[in-house]
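Ligands are counted one by one from 1 in listed order, and the atoms in each one are counted from 1 as well.
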Amino acid sequence: MGAIDRFRVVGGARLAGEVSVSGAKNSALKLMAASLLAAGKTTIRNVPDIADVDIMADLLTRLGCIVVRGADLVTIDVPEVPGHRADYDLVRKMRASINVLGPLVARVGMAEVALPGGDAIGSRGLDFHIRGLESLGAKAHNEHGYVIAKAPNGLTGAEIVLDFPSVGATENLMTAAVLAKGVTTIDNAAREPDLVDLGNFLISMGAKIEGLGTPLITITGVAKMHPTDHATIADRIVTGTWAFAAAMTQGDITINGARAQDLEIPLEKLTAAGAIVTSNENSIRVRMDSRPKAIDVSTLPYPGFPTDLQPMVITLNAIATGDAIVTENVFEGRFMFVNELIRLGAQITIDGHHAAITGVEKLSSAPVVATDIRAGAGLVLAGLVSDGITFIEDGYHIDRGYPDFATQLRALGADVTREL
Ligand code: UD1
């Protein structure tokens, strides 16, 4: 790179005002991939303006689709016979590229998808995805860094039990099973709201799915699906990031377009930290009048505390009164950013998948590096509660998940600049 790519954060501001939350990255990308299931033009609304949407658009274009982006919508015109290869250059940039695996095997009878390899938050295998597709009758093997899955005669419904409620595996298997012959059950399925959104999108395309949002999803295969028009749900992780930002800066933020029902445990934790949290159907307000109290948290699959908000809760604890333990149960490599937080003066010791944190009154600004989307956002919040100017390098990670983050922070009263 070489060029400047960082966030400049001046510490000390109290964030106050209103902010609007956009559509969920982790839903919109999956809806885009699932549009491959039907020939013709699908419209997806409330799509966030982030770099990952461009990467998925690029991938779908390479598969023969015509993808057009409007202000906050994407239309995808899917050909009768799409291509079947997701290249390594795209998969390594964005792991969600593997979400084309299920739809391609189901619709084209063949997929070649690059193996994603490790990333900054852990090893993240594909074994559940592949074993599940094999249960549905596909033949799969690895060759030259690609998983090659074939089902020339179509897929057949099966009973699948996941070892762990993996979001990506549940999505790939659900989007494969919708066109399989007969009934598929996915037991120990993921229950994330983004996955429910994907299920509802598939139903609007003609799929038959029951049990969304529960650990047992039942899919009755249909012969054909049709294009649809669907609006993405609000991003619960971006919403949660604003909620933590309000609590940490002793601020008062009203988050419009938010869904409180997707964030029950994080909002309860913020209440335990001393925040006043109120919500209605369409917004959440978080107000904090004192230094937060330390809160113990264990990350778990939904409805547990989301691993994607783990950097935010560690950062809150870093400036809280008292001691806390944060336990990471979803991704083993996710404490990498803690070393950056320690550079800012946080008192944290790591023991396996536990982080023990003793709050200090203020962090101390320093240059730090964003290692992934959520770690990056956590470090921006840390900069807000530091005593000077904090530079967060490799800011492109943050752009992948937070549209106009610096602009939105400025509107709430912070002095934050995106330097490119
Ligand atoms: C998705 C989200 C990510 C979020 C995560 C957990 C997207 C693009 N990403 O990631 O932001 O943090 O859910 O909520 O939606 N695993 C295996 N084998 C597999 C699949 C998963 O061992 O075949 C393991 C992973 O290594 C990890 C755990 O299962 O330890 C959970 O991963 P998973 O739920 O699949 O996360 P993603 O779908 O990759």
Side-chain angles (χ1 to χ4, degrees), residues 23-34 48 50-53 55-56 59 90-102 113 115-135 140 142 147 149 160-176 186 188-198 215 232-233 235-238 240-241 262-263 265-266 298-313 327-335 337 353 371-378 397 400-402:
K25 167 181 97 72
N26 287 353
S27 176
L29 296 172
K30 321 306 176 65
L31 304 182
M32 288 176 74
I50 50 173
D52 278 14
V53 169
I55 299 174
M56 186 58 86
L59 171 55
L90 295 182
V91 177
R92 68 186 286 197
K93 267 196 239 162
M94 183 187 73
R95 188 184 151 91
S97 307
I98 61 170
N99 268 70
V100 299
L101 180 61
V113 176
L115 291 162
D119 62 24
I121 64 175
S123 62
R124 304 179 88 178
L126 274 189
D127 45 333
F128 307 156
H129 304 237
I130 291 166
R131 258 189 272 142
L133 285 174
E134 285 174 337
S135 307
N142 290 353
V147 48
I160 298 169
V161 182
L162 296 176
D163 290 353
F164 185 90
S166 154
V167 175
T170 307
E171 288 166 346
N172 255 331
L173 298 174
M174 185 165 76
T175 50
I186 308 174
N188 200 22
R191 299 155 66 184
E192 269 68 3
D194 321 282
L195 184 123
V196 174
D197 197 26
L198 172 61
T232 313
I233 59 164
D235 196 307
R236 69 198 159 94
I237 305 301
V238 172
T241 302
D262 293 346
L263 283 159
I265 291 182
S298 286
T299 69
L300 281 172
Y302 190 84
F305 191 96
T307 172
D308 285 352
L309 289 176
Q310 180 251 89
M312 295 47 165
V313 77
T327 302
E328 173 57 56
N329 293 308
V330 182
F331 288 113
E332 82 270 20
R334 207 155 199 179
F335 283 150
F337 93 104
H353 64 137
T371 47
D372 71 69
I373 303 175
R374 310 303 170 188
H397 283 294
R400 290 185 48 203
Y402 293 84

Participant: So, does Glu171 use its side chain to make a donor-acceptor pair with the main chain of Leu173 at under 3.5 Å?
Facilitator: no

Participant: Residues two or more places apart in sequence or in another chain: which of them pass ring-ring contact (aromatic ring centres under 6.0 Å, His included) with Tyr402?
Facilitator: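 Partners of Tyr402 by the ring-ring contact (aromatic ring centres under 6.0 Å, His included) criterion, ordered by chain and then number, come out as Phe405.
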
Participant: State, with a plain yes or no, whether a side-chain heavy atom of Ile233 is found less than 4.5 Å away from one of Asp262.
Facilitator: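 Yes - at least one pair of side-chain heavy atoms lies under 4.5 Å apart.
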
Participant: Suppose we screen for side-chain hydrogen bond (donor to acceptor under 3.5 Å, both in side chains). Which residues come up paired with Asn172, at least two apart in sequence or across chains?
Facilitator: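 So Asn172 forms a side-chain hydrogen bond (donor to acceptor under 3.5 Å, both in side chains) with His129.
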
Participant: For ligand 1, which atoms have a heavy atom of Gly125 less than 4.0 angstrom away?
Facilitator: 18 (N), 19 (C), 20 (C), 23 (O), 26 (O)

Participant: Would you mind listing which atoms of ligand 1 come within a distance below 4.0 Å of any non-hydrogen atom of Leu126?
Facilitator: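 Answer for ligand 1: 23 (O).
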
Participant: Number the atoms of ligand 1 from 1 as they appear, then name those within less than 4.0 Å of a heavy atom of Val330, with their elements.
Facilitator: 27 (C), 28 (C), 30 (O), 31 (C)

Participant: Going by heavy atoms in the side chains, are Pro301 and Phe164 under 4.5 Å from each other?
Facilitator: yes

Participant: Can you tell me which portion of Arg374 lies within the under-4.0 Å heavy-atom range of ligand 1? Options are side chain, backbone, both, or neither.
Facilitator: neither

Participant: Determine yes or no for a side-chain-to-main-chain donor-acceptor pair under 3.5 angstrom, with Asn188 supplying the side chain and Leu162 the backbone.
Facilitator: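 Indeed, once roles are kept as given, a pair shorter than 3.5 Å links the two residues.
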
Participant: Please check if the side chain of Thr170 supplies one atom and the backbone of Ala190 the other of a donor-acceptor pair under 3.5 Å.
Facilitator: yes

Participant: For ligand 1, which atoms have a heavy atom of Arg334 less than 4.0 angstrom away?
Facilitator: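 Every atom of ligand 1 under 4.0 Å from some heavy atom of Arg334: 12 (O).
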
Participant: Quick one: which ligand 1 atoms are inside 4.0 Å of a heavy atom on Thr307?
Facilitator: 6 (C), 12 (O)

Participant: Could you tell me whether some N/O pair between Lys25 and ligand 1 is separated by less than 3.5 angstrom?
Facilitator: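 Lys25 vs ligand 1: no N/O contact under 3.5 Å.
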
Participant: For Phe331, is there any backbone N or O sitting under 3.5 Å from a side-chain donor or acceptor partner on Glu328?
Facilitator: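 Present.
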
Participant: Can you tell me if Glu171 has a non-hydrogen atom under 4.0 Å from ligand 1?
Facilitator: no

Participant: Does a side-chain heavy-atom distance below 4.5 Å link Asp127 with Ile130?
Facilitator: no

Participant: State if Glu328 counts as touching ligand 1 under the rule of any non-hydrogen atom under 4.0 Å.
Facilitator: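 Outside the 4.0 Å threshold, so no.
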
Participant: Under a 4.0 Å heavy-atom limit, does Leu29 contact ligand 1 with its side chain, its backbone, both, or neither?
Facilitator: neither

Participant: I want to know if ligand 1 touches Lys30 in the polar sense, i.e. an N/O pair below 3.5 angstrom.
Facilitator: yes

Participant: Report the part of Asp308 (side chain from C-beta onward, or backbone N, CA, C, O) that has a heavy atom under 4.0 Å from ligand 1; answer both or neither where that applies.
Facilitator: side chain

Participant: Considering only heavy atoms of Arg95, which atoms of ligand 1 have at least one such atom less than 4.0 Å away?
Facilitator: 39 (O)

Participant: Would a 4.5 Å heavy-atom cut-off, applied to side chains only, mark Lys30 and Asp194 as touching?
Facilitator: no

Participant: One residue to check: Val167. Relative to ligand 1, which of side chain, backbone, both or neither has a non-hydrogen atom less than 4.0 Å away?
Facilitator: both

Participant: From atom 25 (C) of ligand 1, work out which of Phe164, Phe331, Phe128 has a heavy atom at the shortest distance.
Facilitator: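 It is Phe331 that holds the nearest heavy atom.
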
Participant: Looking at ligand 1, does any of its N/O atoms fall within less than 3.5 Å of an N/O of Gly168?
Facilitator: yes

